[in-house]
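Accompanying notes for the structure given below.
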Amino acid sequence: MAESKQQVDLRIVSNEVGALLTPRGEDVRVPDIQLRPWVVVPAPSEADVEELKKQRIACGWHSERIPMWEEEIRSGTRYIWFIHLRTPTGSTETAGMISLCLYDPSDLSVADMRAPPPQTGGRVEIGSLFIYPKYRRQGIGEAAIRELEQKAVEVGATTLTMNTMALGENVRRYERMGYQQYKKEKKYLLRDIIGLGLSEEHCYAAFLEKEIVR
C-alpha cells in the first residue's frame with residue numbers, strides 16, 4: 001500500500017516523484033498508449049515480473065514490493081498496468097507502469113473502496129506511476145492518468161486521490177487536471193532532505209483529490 005502515514009526515504013521515492021507528471025514538451029501530440037494489466041492468476045509471467053523489477057530499479061523503488069503488490073491484486077485491493085506506447089510503425093514499447101489502489105489501511109482518506117464495513121467508501125488512489133526517462137515529456141504520464149480516471153469509474157469509485165512532493169509546480173500540474181489539494185503531511189525523511197541541500201519544506205507531500213464525473 002502507499003505509505004500515506006509513514007515517512008519514507010527520499011532516496012527511494014525521489015526519482016518516481018519526479019517522473020509522476022513531467023511537463024509535456026511543446027508541440028507534442030497526445031500519445032497513443034495502451035494499458036496492459038498485470039495478470040497474476042494463476043501465476044504471473046516471469047517476463048512481467050522481470051519488467052517490474054527493471055522499472056523498480058530504474059525509479060529507485062525496491063523490487064521487494066512486487067510480491068506485496070501481487071497479493072493485493074489477488075485480494076482485489078490493487079490493479080497494476082504496464083504502459084505501452086504505440087509507435088508509428090504499429091509496434092508497442094513498454095514506457096512505464098501505473099496502479100490503482102482500492103484500500104489503504106494506513107490512511108482511508110487515500111483509498112477506502114475495499115475497506116471493511118462500515119468504513120467502505122468510494123475513494124481510490126492513483127500511484128506507482130513511473131515513466132522511463134526516454135519516454136518523458138511526451139504526455140504519457142498524463143494520458144495514463146486520464147485512462148485510469150475512466151477505469152476508476154468502471155469499478156464504481158467516486159473520488160480519485162494521489163500524492164506528490166508538496167512543491168508549487170508539482171501541485172499545479174495536477175490542479176490543471178482538475179485535482180485539488182486536501183491535506184499536506186510530512187512524508188520524506190529530514191536527513192535526506194538536508195543531505196540533498198534542500199529545505200525542510202521539501203519533507204512534505206501534498207495529497208490531492210478529484211471527484212469522478214460519471
Side-chain angles (χ1 to χ4, degrees), residues 1-10 12-24 59 61 65 68-69 72 76-81 97-131 139 141-190 192-193 198-214:
M1 297 295 178
E3 305 95 337
S4 302
K5 289 293 187 183
Q6 300 176 346
Q7 293 185 26
V8 294
D9 192 327
L10 185 64
I12 295 176
V13 303
S14 59
N15 290 337
E16 180 155 315
V17 169
L20 283 178
L21 203 61
T22 305
R24 192 192 313 174
C59 76
W61 286 64
R65 288 180 173 273
M68 179 186 70
W69 286 343
E72 291 174 355
T77 60
R78 183 179 295 275
Y79 299 99
I80 289 178
W81 291 269
M97 67 172 288
I98 193 169
S99 77
L100 192 68
C101 173
L102 281 65
Y103 177 40
D104 184 346
S106 70
D107 187 349
L108 293 180
S109 80
V110 169
D112 62 4
M113 190 172 178
R114 291 288 186 267
Q119 296 176 315
T120 308
R123 301 173 75 85
V124 296
E125 179 198 26
I126 294 177
S128 304
L129 173 57
F130 172 72
I131 306 296
E142 181 175 343
I145 290 174
R146 296 296 189 192
E147 290 213 17
L148 249 64
E149 291 177 348
Q150 181 57 44
K151 292 184 182 298
V153 170
E154 294 170 2
V155 301
T158 60
T159 305
L160 273 163
T161 72
M162 61 176 65
N163 64 81
T164 186
M165 192 175 290
L167 303 177
E169 182 54 32
N170 281 12
V171 175
R172 285 192 291 272
R173 291 171 193 164
Y174 292 110
E175 288 177 338
R176 288 193 287 268
M177 296 179 66
Y179 291 84
Q180 296 296 322
Q181 181 174 325
Y182 68 92
K183 69 175 180 177
K184 178 180 175 181
E185 289 184 352
K186 185 172 287 188
K187 185 175 181 181
Y188 309 112
L189 295 176
L190 180 60
D192 298 316
I193 292 293
L198 302 175
S199 61
E200 186 175 355
E201 66 178 350
H202 290 78
C203 291
Y204 290 86
F207 291 74
L208 302 104
E209 63 184 357
K210 178 180 180 179
E211 291 188 9
I212 298 174
V213 178
R214 297 178 178 275

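FYI, the numbering just counts along the sequence from 1.
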Task: Gap between atom CE of Met162 and atom CD of Gln181 - 0.5 Å precision - done: 13.0 Å
Open item on the list: For a quick test of reading the model, state the closest non-hydrogen atom pair linking Leu129 to Ile131 and the distance between them.
Closed with: CD1-CD1, 4.1 Å
Task: With Pro118 via side chain to side chain contact (heavy atoms under 4.5 Å, CB included) - residues at least two apart - done: none
Open item on the list: Under the rule for side chain to side chain contact (heavy atoms under 4.5 Å, CB included), what residues qualify as partners of Leu167, not counting sequence neighbours?
Closed with: Met165, Asn170, His202
Open item on the list: Applying salt bridge (charged side-chain N to carboxylate O under 4.0 Å, His left out), can you list everything that pairs with Glu209, at least two apart in sequence or on another chain?
Closed with: Arg123
Open item on the list: Going by the rule salt bridge (charged side-chain N to carboxylate O under 4.0 Å, His left out), which residues pair with Lys151 if we only count those two or more places apart in sequence or in a different chain?
Closed with: none
Task: Distance-minimising heavy-atom pair for Val171 and Ala206 - done: CG2-CB, 3.7 Å
Task: Distance, nearest 0.5 Å, that separates CH2 of Trp69 from CD1 of Ile80 - done: 5.0 Å
TODO: List for me each residue that meets side-chain hydrogen bond (donor to acceptor under 3.5 Å, both in side chains) alongside Tyr79, sequence neighbours excluded, and say none if there are none.
DONE: none
Open item on the list: Could you measure the distance from the OH atom of Tyr174 to the OG1 atom of Thr164? Nearest 0.5 Å is fine.
Closed with: 5.0 Å
Open item on the list: Assess whether a salt bridge exists between Glu125 and Lys210, defined as any Lys/Arg side-chain N lying under 4.0 Å from an Asp/Glu carboxylate O.
Closed with: no
Task: Which residues share a side chain to side chain contact (heavy atoms under 4.5 Å, CB included) with Tyr204, sequence neighbours left out - done: Ala166, Lys184, Lys186
Task: Salt bridge Arg172-Glu175, side-chain N to carboxylate O under 4.0 Å - done: no
- [ ] Grab the two heavy atoms, one from Tyr103 and one from Pro116, that are nearest each other, plus how far apart they are.
- [x] OH-CD, 3.6 Å
TODO: Identify the heavy atoms of Ile212 and Ala157 that sit nearest to each other, and give their distance.
DONE: CD1-O, 3.6 Å
Task: Basic-acidic side-chain contact under 4.0 Å: Arg78, Asp104 - done: no
Task: Distance (rounded to the nearest 0.5 Å) between Glu147 CD and Ile126 CD1 - done: 11.0 Å
TODO: Identify the two heavy atoms, one from Lys183 and one from Ser109, that lie closest to each other, and give their separation to 0.1 Å.
DONE: NZ-OG, 3.4 Å
Task: Check: Leu160 and Ile145 side chains under 4.5 Å, non-hydrogen atoms - done: no
TODO: Would you give the length of the straight line joining atom OG1 of Thr159 to atom OH of Tyr179, rounded to the nearest 0.5 angstrom?
DONE: 10.5 Å
Task: Atom pair OG1 (Thr120) and CG (Leu102), whose distance is rounded to the nearest 0.5 Å - done: 11.0 Å
